[in-house]
Amino acid sequence: MNELFTLMKSELVLTGIIFLLLFIKIGKGLKNETLLPLVQVLLLANFIFGFVFNKEGRLFGDMYYTTDLIAFQKNILNLGVYLITLVCADWLRKTPHLPEFLLLMLSALLGMFFMISSANLLIFYLSLELATIPVAAMANFDLEKKKSSEGAMKMILSSAFSSGILLFGISLIYGSTGSISLPEIQSRLDGSTLQILAFVFFFTAFAFKLSIVPFHLWTADVYEGSPVAVTAFLSVISKGAVAFIFMTMLFRVFTPLKEIWQLMLIALSLITMITGNLFAVRQQNIKRFLAFSSIAQVGFILLAISSDDFHMGSTAVIYFVLVYIFSNIAAFGVAAVITEKTGKETIDDYKGLYKTNPLLTWILALALFSLAGVPPTAGFFGKLFLITAGASGKAYWLILLASLNLIISLYYYLRVVRAVFMDKNENPVEPIKLAAPVKLGLLLCGAGIVLAGLLSWIYDYIHSL
Amino acid sequence: MNLLLLIGAPLLTALAVLAARNKAQVKWISLTGSLLQLGLAVALLLAFRHERAINNTAQMLFEQQHLLFKTLNISFHFGVDGISVAMILLTSFVVVAGVLVSWNVEKMTKEFYFLLLLLGLGAYGFFISLDLFILFFFLEISVIPKYLLIGIWGSGKKEYSANKLALMLMGGSALILVGMLGLYFLAGNTFDIMTLSKTTITSDYQRILFPLFFLGFGVFTALFPLHTWVPDGHSSAPTAGSMFLAGISMKLGGYGCLRVATYLLPEGAKEYANIIIVLSAIAILYGAFATMMQKDLKYINAYSSVSHVGFSLLGIGMLTQTAITGALMQMVSHGVMTALFFAVIGMIYDRTHTRQVDEMGGLMKQMPFISTVFFIVGLCSLGLPGLSGFVAEMTVFVGSWQNADMFHRIATIAAAMSIVVTAVYILRAIGRTVMGPNTNEAHLVLKDAGWNEKLAAILLVGGILAIGIAPGWLNDLLQPAAQEIMNRIAGK
């Protein structure tokens, strides 16, 4: 009993919050102005709580397991959700169905927690669905916008499709190994054709969730249609969680097929990077722009996962996701503020932003530089470590291609930087007074972007887990 | 002396600038901070000479190492040899002068000075780093300031130039990154330059890695044909920006070509030396002839920079001790000279609001001080004995001539011919603008330099004279370090 509480504490606290929200909704209800800070404080508490009393162990007949590393991954995701509730506070406060929205978001987070901890394909599949379906409902939350419904529809269809493929893959795996427990599967994989086929289906489902090219087509439309809070959640939290479990699956379960998936990863990583980058160059809508840039970022994550050195690869990926959370949420936060106050969403509208909103502009610039991987931001370290991990034992031309992608990405990030700092605009965004939580969130992200790189013990800490 | 001071001082200055309340405070904090940096650089020079005088023959002095990323074996490893000391001194001179000439920047003053100081910080960090990763970090740190300085405060087609510069430099960085990772894994997971210099890397790998490093750093130092960002970038940048770009940033590349590419991969250097010589000879001649065609003062100096920096690459390619010493001298000399050149052009432009040679004339009457300085720097550029340019270029030529075969001789002669061309364009530009009758009535009322501009000019002219008249001290700094690199090349 005691073990249940210590091992599952993050999940239990989160479930507690979800039930609290349900009771509040059923009961008298709370005003958005009080409900939101309450949830924020609880999330922060869960984040801090996640660092103490950590233990390794297994539960429910080896269905669920946790380690310090997994606990840390959960904490990162929890932190990300906390930051999203801060930077998108303007929109959240206005939405008429806040309890439902938070309920959905936290349920999805709960699903991700279970997904990361799963040691069995059954619980993996269940938690993956729990992490996906609420997000589709969230994407629909701008009830008056047609694009929002369209995005939600696309998302639910593509998710259902990828779930189907995943189930097919799982059934083939079960058929060829006779087990759904991950450690047992690992011991029974021998590289037979059926297993490779099973793995390809399994892999495809992940590719959908991570929007790896050529499975990325849903991404831009969904990102554009959804409210900014949901877009941020999708691009940072969902992607981070799936990247974590994807990595764990490859490094811990599918090790016998290493040669095959490394080749697949390298090829897909290059295609993903190049496609994401080239499409991002031409985007006008800031959300679509960030959507394609996040596709390109996934390409770099894949490069690191293809590393020969698993430990180095996983450390680099987790570190990068942490940095990516700060950078992307900062960028989406600025977009959220501006969209909420003025309804402007295109890069042209951002021209001359520095004249009217210096703080927002600096945060946005920091975030973009971090995404581009320019020092002194943390993104520089994150990107470099990804490439370093990916470089171990590979050909030079491959790394060269990856680094040349950094130039393309710098080109389009600079497009936005140029718009906000240099271009003139007759009709710039008017000065915006930031609400306290939004300001706090943006400053936290800004501090994260600057400090997560220079405080090198963070990386070493992740490595030691 | 603690080398961390050299990073701490600019960092604190930059942060203090952010905290400043008004424009006057910003300027005075920057000036105080940059003078402090100058003081530190001079103190470093003295401390370095003292250590050498008491026969401390360690290759790197004042070394210190702080582990940064333990698991990746990355550390803040700092240390200086004569080359670094000379470069740091150069940087501090240019920073002070840059702060002084920017005294009248009214647009977003705080941001301007902050970025300027950040640019200086990157250079200091770069020159003292002995860990490739940290070196790369400091090299890249200047991308943001450069881009913003040109894009916001620049003139002409500034957005285009800023973009071109940022992307080309990023391209160079990408090449360096690949080379860096190659070395890291070949040498068993270390970025440390001193450790790497003791590791044997097979010549097959050197053949792959050397061009990556040399081209990568070559972009920064305008290696032909990767020089195309130089004219646009320099001419669009604000005055202090051009001074920093040409005076400091281009030297980062030269230093990298030597310290990283040549020193760590001597086999590769020998392999590709002839190509370097051909490319730099082309750069020298092409730069000189291209300058002849320019009418804009900034473009004149930008193209002539391509030509002058070619001499340092030529010196590196010649692979003799004298030539490498000369290459290093040329870096320092050109740094001071070109910073002064851009400063003077900025002063003239501030007053006449034109940089076209044709639209000016007889400025000597209205602005005797500025015109005289312009004259001095012009003479330095064309290599008049007694000024720094002569000393540096002469050393390169002498060093080059030590290679007795036909190929090297021809390259040397071709490079030396450019001096004639230089004389033509320099004398023509100065003659038209400063001498002769005044062609523009609006210029009759112009005022001469203010105190800040005078101070900046005197500081840099002092630098030129100090190298030109008594080059011994610089030679003492650079030669032993160049010897160290030659030993590596000779395989000792």
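By convention in this document, chain letters (A, B, ...) are assigned in the order of the sequence lines, proteins followed by strands, and residues within each chain are numbered from 1.
For chain A, the nearby part of B/Y205 is the side chain; its heavy atoms alone come within less than 4.5 Å. Contacts of A/I408 with chain B are absent, with no heavy-atom separation under 4.5 Å from either backbone or side chain. Residue contact with chain A, scored on non-hydrogen atoms closer than 4.5 Å, is absent for B/L118. In this structure, chain B has a heavy atom under 4.5 Å from the backbone of A/A372, while its side chain stays farther away. Of the two parts of B/L181, only the side chain, counted from C-beta on, holds a non-hydrogen atom closer than 4.5 Å to a non-hydrogen atom of chain A. Heavy-atom distances place the side chain of B/I208, and not its backbone, under 4.5 Å from chain A. For a residue to count as touching a neighbouring chain, one of its non-hydrogen atoms must lie under 4.5 Å from one of that chain's; by this rule B/L177 touches chain A with the side chain only. There is no contact between B/F138 and chain A, counting heavy-atom distances below 4.5 Å. Proximity to chain B is limited to the side chain of A/F369, based on heavy atoms less than 4.5 angstrom apart. Using a 4.5 Å cut-off between heavy atoms, B/I150 does not touch chain A at all. Of the two parts of B/M108, only the side chain, counted from C-beta on, holds a non-hydrogen atom closer than 4.5 Å to a non-hydrogen atom of chain A.
Here the straight-line distance linking atom CG of A/L384 with atom CG of B/L72 works out to 9.5 Å at 0.5 Å rounding. Remark: B/F185 CZ to A/I399 CD1 distance equals 8.0 Å, nearest 0.5 Å. Atom CG of B/L212 is separated from atom OG of A/S403 by 9.5 Å, given to the nearest 0.5 angstrom. The CG atom of A/L366 sits 7.5 Å away from the CD1 atom of B/I144 when rounded to the nearest 0.5 Å. Here OH of A/Y459 is found 12.0 Å from CG of B/L68. Values are rounded to the nearest 0.5 Å.
Counting all heavy atoms, side chain and backbone alike, B/F137 lies closest to A/L454 at CZ-CD2, 4.0 Å. Considering every non-hydrogen atom in both B/E140 and A/P375, the closest pair reads CB-CG, 3.1 Å.
Remark: B/K164 NZ is packed, more than 12 non-hydrogen atoms of other residues, nucleotides or ligands lying under 6.0 Å away. Other residues, nucleotides and ligands contribute over 12 non-hydrogen atoms within 6.0 Å of the CZ atom of A/R415. Counting heavy-atom neighbours within 6.0 Å of B/K70 NZ, excluding the residue itself, gives a total of 12 or less. By the 6.0 Å contact criterion, CZ on A/F72 is enclosed, its count of non-hydrogen atoms from other residues, nucleotides or ligands being greater than 12. Heavy-atom neighbours of A/K439 NZ from other residues, nucleotides or ligands within 6.0 Å: at or below the threshold of 12. Atom NZ of A/K424 has 12 or fewer heavy atoms from other residues, nucleotides or ligands within 6.0 Å.
The most heavy-atom pairs under 4.5 Å with chain B, out of A/L404, A/I458, A/I407, come from A/I407. Chain B forms more heavy-atom pairs under 4.5 Å with one residue of A/L406, A/T377, A/L414, A/N405 than with any other, namely A/L414.
Taking the side chain as every heavy atom from C-beta outward, A/M422 and B/W153 never approach each other to under 4.5 Å. Using a 4.5 Å heavy-atom threshold, the side chains of B/Y147 and A/R418 count as touching. B/I74 places a side-chain heavy atom less than 4.5 Å from the side chain of A/F385.
Below 30°, between 30° and 60°, or above 60°: for A/Y319 and B/F69 the angle between ring planes is above 60°, a perpendicular geometry.
At least one donor-acceptor pair under 3.5 Å links the side chain of A/D460 to the backbone N or O of B/T71.
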